[in-house]
Amino acid sequence: MLSDPAPCVNLDAMGADQDWRTATSVLRLATQLVDGIQDGLARRGFDDVRPAHGFAFVRISSGDATIADVAKHLAVTKQAASQLVTALESRGYVTRREDPRDGRAQLLALTARGRACTVGAEHAAAETVAGWRESLKPSQFAALDKALAVIAEPGALRPAW
């Protein structure tokens, strides 16, 4: 004789709907932020970078980064990271030099153009967030900021793929 299956968790329909709405709103905000940064970078003359490049800049700018470090940070293969870095190098954003600790590896660094692009991304992000701030009352924006600080896990900025 078959036993009854374990009962399913019965989520409150109202709560589930609200949770889904919250989840999709956070995803939409992330999309708005990425799109705002991309638009802002293009206006500043950096129309040849993509979001993945910005996440690579985060790791490279922290120092002593190799292709393997970028690959791990982006959760991609070393081959994919190598292609990405080669593209950034050819566009003048990144340089390579020999790693004195490992003759097989190369250390990556942002060029002046790479650092200017990073600053441009920070300004574009601030512009995007300023638009959100304008949409809310000051107390609402402060509450949003505080809530995000509570629930956002600390750690490296990297893509969610």
Carefully, step by step, assess Leu41 and Asp47 under the rule side-chain contact (heavy atoms from CB on, under 4.5 Å).
CA-CA 6 Å; Leu41 286 174; Asp47 59 353; over 6 Å; no
Donor-acceptor pairs under 3.5 angstrom involving side-chain atoms of residues 76-83: please list them, not counting sequence neighbours.
from: Thr77; atom 1: OG1; to: Ala80; atom 2: N; distance (Å): 3.0

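For Glu127, the side-chain hydrogen bond (donor to acceptor under 3.5 Å, both in side chains) test picks out Arg43, Arg44, with sequence neighbours left out. With sequence neighbours excluded, no residue satisfies side chain to side chain contact (heavy atoms under 4.5 Å, CB included) with Pro138. For Asp35, the salt bridge (charged side-chain N to carboxylate O under 4.0 Å, His left out) criterion is met by no residue, not counting sequence neighbours. Tyr93 is linked by a ring pair (Phe, Tyr, Trp, His ring centres under 6.0 Å) to Phe57, counting only residues two or more places apart in sequence or in another chain. Ser139 pairs by the side chain to side chain contact (heavy atoms under 4.5 Å, CB included) definition with Lys137, not counting sequence neighbours.
Rounded to the nearest 0.5 Å, atoms CZ (Arg115) and OG1 (Thr111) are 6.5 Å apart. Note: Arg104 CZ to Glu98 CD = 13.0 Å, rounded to the nearest 0.5 Å. For the atom pair OG1 (Thr128) and CG (Leu33), the distance works out to 6.0 Å, reported to the nearest 0.5 Å. Between atom CD of residue Gln106 and atom CD1 of residue Ile67 there is a gap of 7.0 Å, rounded to the nearest 0.5 Å. One distance of note links NE2 of His53 with CG of Leu74; it measures 9.5 Å at 0.5 Å rounding. Atoms CG and CZ, from Leu84 and Phe55 in turn, are 12.0 Å apart once rounded to the nearest 0.5 Å.
Follow the hydrophobic side-chain contacts under 4.5 Å out from Ile37 and you reach Trp132 in the same cluster. Using a 4.5 Å cut-off between side-chain heavy atoms of Ile, Leu, Val, Met, Phe, Trp and Tyr, with links allowed through other members, Leu29 and Val129 fall into the same hydrophobic cluster. Residues Leu148 and Val26 fall into different hydrophobic clusters, defined by Ile, Leu, Val, Met, Phe, Trp and Tyr side chains chained together at heavy-atom separations under 4.5 Å.
Shown here is Gln32, whose CD atom has more than 12 heavy atoms of other residues, nucleotides or ligands within 6.0 Å.
Residues Val70 and Ile60 meet the side-chain proximity criterion, which asks for heavy atoms closer than 4.5 Å. Put simply, the side chain of Glu89 does not reach to within 4.5 Å of the side chain of Leu108, judged on heavy atoms. Using a 4.5 Å heavy-atom threshold, the side chains of Leu107 and Asp64 count as touching.
In this structure, a donor-acceptor pair under 3.5 Å is absent between the side chains of Thr22 and Asp19. The closest side-chain donor-acceptor pair between Arg59 and Ser62 falls under 3.5 angstrom.
Using a 4.0 Å cut-off between a side-chain N of Lys or Arg and a carboxylate O of Asp or Glu, Arg113 and Asp48 qualify as a salt bridge.
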